[in-house]
Amino acid sequence: MSTSITLTRPDDWHLHLRDGAMLQAVLPETARDFARAIIMPNLVPPVVTGAQAAAYRDRILAALPEGMAFEPLMTLYLTENTDPEDIAAAHASGLVKAVKLYPAGATTNSASGVRDFDKVRGVLERMAEIGLTLCVHGEVTDSDIDIFDREAVFIDRVLDPVRRATPGLRVVMEHITTKDGVDYVRTNDRDLGATITTHHLIINRNHILVGGIKPHYYCLPVAKRESHRLALRAAATSGDSRFFLGTDSAPHTDANKETACGCAGCFTATNTMPLLAHVFEEDGALDRLEGFASKHGPAFYGLPENSDTITLAKQDEPVAFPDKIRTGDGPVTVFDPGFPVFWKVA
């Protein structure tokens, strides 16, 4: 049995850092283990221009504790008024690595997202020309579509038509949660990739609903049936380079989670790498963890792999992760996998 494993330092290809006091508190939890992260732009107001992305990047770097090395990879929030040339200029400068598509109303702070996809066709065509990646929150928001079916319907109604209409557009299906998402990636070309979160490898919808509602397991896209979780595990541990880590670590204060209308999101930045070591070991795939966490993402985005490493060590006693992270806005609960974890970052 392996007692330690050394990996190229990983990256997180989908991360929420928020702003202000929350940013100050949660950034070190990511920067401790991860060299880079794709930073989500759904602030209030959202990050929609290159100038706003540059200002946000400066705030992130200002919040980084001394001695930590971390590179925020910035994104822009796609709206129906997005200027294609502003996006092209931000990409050409090296600042912006992707554009984020939120269907309006799909998740936290997505009210400014896209309702009419014909209105963003020019932006998507420009992105295809310059090789800029589109990251998609893949759910429809129609009230008549069951929440557990919204990812599969999005693929058929939105994603596949958009990709067919825009040849060469590079797309990342973020935080896929279904076998439908896995199968769609596997049957398409190399311009399509997908991120998988830590928590969707561990929980299914029973964790949220059985024995009382568990608000800290509630996320969007919502966790699905066990058969879908197993499909995600198979994809993540397969070695297929089209699947890579995007934690979607999303901090909300306990007051905003434990309420009559709780916010969606799981905060996994603190313990993601030990949890992944547990999952990959359980599936007999520790040798493929480095690909999933450290190699496939840079390859898709056309970036070099990190030059430094991290080591995960397995100990005899369970690791005691913190229950909460204290922030100036209030406590944030750290994701609890519900089982003992013996791996830690050495």
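Heavy-atom basis, side chains included; hydrogens, waters and symmetry copies ignored. For this chain, numbers begin at 1 and follow the sequence in order.
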Mind listing the closest non-hydrogen atom pair of P331 and R326 along with its distance? CB-NH1, 3.5 Å
Check for a donor-acceptor pair, side chain of T195 on one end and backbone N or O of G246 on the other, with a separation under 3.5 Å. no
Taking D254 for its side chain and T333 for its backbone only, find out whether a donor-acceptor pair lies under 3.5 Å. yes
Under 3.5 Å: donor-acceptor pair, side chain of S4, backbone of A313: no
Run the side chain to side chain contact (heavy atoms under 4.5 Å, CB included) test against D156 and tell me which residues pass, sequence neighbours left out. none
Give the cluster check for I213 versus L220: same hydrophobic cluster or not, with ILVMFWY residues linked at side-chain heavy-atom distances below 4.5 Å. no
Identify the heavy atoms of Y77 and G113 that sit nearest to each other, and give their distance. OH-N, 3.2 Å
Is the closest side-chain heavy-atom distance between L245 and F243 below 4.5 Å? no
Within a 6.0 Å radius of atom CG on L61, are there more than 12 heavy atoms belonging to other residues, nucleotides or ligands? yes
Working note: F34 + L15, criterion side chain to side chain contact (heavy atoms under 4.5 Å, CB included); need CA distance, chi angles, decisive distance, verdict. CA-CA 11 Å; F34 294 90; L15 177 68; over 6 Å; no
Heavy-atom distance under 4.5 Å between the side chains of R32 and V345, does that happen here? no
How about D33 and T272: do any of their side-chain heavy atoms sit closer than 4.5 Å? no
Can you tell me if R225 uses its side chain to pair, donor with acceptor, with the backbone of F148 under 3.5 Å? no
Crowding at CZ, R9 (>12 non-hydrogen neighbours, <6.0 Å): yes
Same apolar cluster (I L V M F W Y, side chains within < 4.5 Å links), L230/V182: no
Once you round to the nearest 0.5 Å, how far does CD1 of I39 lie from CD of E71? 10.0 Å
Candidate list F342, W343, F339, test ring-ring contact (aromatic ring centres under 6.0 Å, His included), partner H278, passing option: F339
Of all residues at least two apart in sequence or in a different chain, which pass the side chain to side chain donor-acceptor pair (under 3.5 Å) check with T237? none
Whether over 12 other heavy atoms sit under 6.0 Å from K214 NZ: yes
Can you pull the salt bridge (charged side-chain N to carboxylate O under 4.0 Å, His left out) pairs that have at least one residue in residues 137-154, sequence neighbours excluded? D142-R157
Tell me, do H137 and E174 make a side-chain contact under 4.5 Å, heavy atoms counted? no
Within a 6.0 Å radius of atom NZ on K179, are there more than 12 heavy atoms belonging to other residues, nucleotides or ligands? no
Over 12 non-hydrogen atoms of neighbours within 6.0 angstrom of CG in D323: no
Linking I/L/V/M/F/W/Y whenever any side-chain heavy atoms sit under 4.5 Å apart, do L101 and I130 land together? yes
Under 3.5 Å, side chain of R233 to main-chain N/O of D283, donor-acceptor pair present? no
Any chance you could measure L27, atom CG, to M68, atom CE, to the nearest 0.5 Å? 8.0 Å
Reported OG-to-CG distance for the pair S249 and L17, which is rounded to 0.5 angstrom: 8.5 Å
Can you name the nearest heavy-atom pair linking Y218 to C263, along with the distance? CD2-O, 3.6 Å
Show, in sequence, the C-alpha distance, side-chain angles and deciding distance for V99 and H91, and conclude whether the side chain to side chain contact (heavy atoms under 4.5 Å, CB included) test is met. CA-CA 10 Å; V99 172; H91 175 60; over 6 Å; no
Quick check: does any side chain N or O of E80 sit under 3.5 Å from a backbone N or O of R115, one acting as donor and the other as acceptor? yes
Between D19 and Y56, is the side chain to side chain contact (heavy atoms under 4.5 Å, CB included) condition met? List the steps. CA-CA 8 Å; D19 214 342; Y56 187 26; 4.3 Å; yes
Do T178 and K224 have side-chain N/O donor and acceptor atoms under 3.5 Å apart? no
Given the options T198, L201, I202, P337 meets side chain to side chain contact (heavy atoms under 4.5 Å, CB included) only with I202
Do any N or O atoms from the side chain of E258 and from the backbone of P215 form a donor-acceptor pair under 3.5 angstrom? no
For the side chain of E29 and the backbone of V26, is there at least one donor-acceptor N/O pair under 3.5 Å apart? no
Scanning both residues in full, the closest heavy-atom pair of M74 with A53 reads CE-O, 3.7 Å
Please name the residue in the list H199, H200, H14, H16 that meets the ring-ring contact (aromatic ring centres under 6.0 Å, His included) test with H175. H14
In terms of heavy-atom contacts, L286 and I5 come closest through O-CD1, 3.4 Å
Taking only residues two or more places apart in sequence or in another chain, which ones pass side chain to side chain contact (heavy atoms under 4.5 Å, CB included) with I155? M173, D180, Y184
Sequence neighbours excluded, the answer for side chain to side chain contact (heavy atoms under 4.5 Å, CB included) partners of R164 is D160
Output the distance between atom CZ (R186) and atom CG (N188), rounded to the nearest 0.5 Å. 13.0 Å
Between L232 and H228, is any pair of side-chain heavy atoms under 4.5 Å apart? no
With no hydrogens and no angle check, is any side-chain donor or acceptor of D329 less than 3.5 Å from a backbone partner on A21? no
Measure centre to centre between the rings of W13 and F300, then say whether the value is under 6.0 Å. no
pair R126-I87: side-chain heavy atoms closer than 4.5 Å: no
Scanning both residues in full, the closest heavy-atom pair of Y217 with G338 reads OH-N, 4.2 Å
Residues that N306 engages under side chain to side chain donor-acceptor pair (under 3.5 Å), provided they are two or more places apart: D11, R36
Would you indicate whether K324, at its atom NZ, is surrounded by more than 12 heavy atoms from other residues, nucleotides or ligands within a distance under 6.0 Å? yes
Sub-4.5 Å side-chain heavy-atom contact between N42 and K100: no
T259 (side chain) donor-acceptor with G262 (main chain) under 3.5 angstrom: no
Once rounded to the nearest 0.5 Å, what's the spacing between atom CG of L95 and atom CZ of R57? 7.0 Å
Test T82 against L76 for side chain to side chain contact (heavy atoms under 4.5 Å, CB included), laying out the working first. CA-CA 9 Å; T82 293; L76 295 179; over 6 Å; no
Working for side chain to side chain donor-acceptor pair (under 3.5 Å), residues T247 and D12: CA-CA 6 Å; T247 67; D12 186 346; 2.5 Å; yes
Assigning hydrophobic clusters by single linkage (Ile, Leu, Val, Met, Phe, Trp, Tyr; side-chain heavy-atom cutoff under 4.5 Å), is L303 placed with I38? yes
Please examine the side chains of V341 and N271, heavy atoms only from C-beta on, and report whether any two atoms are closer than 4.5 Å. no
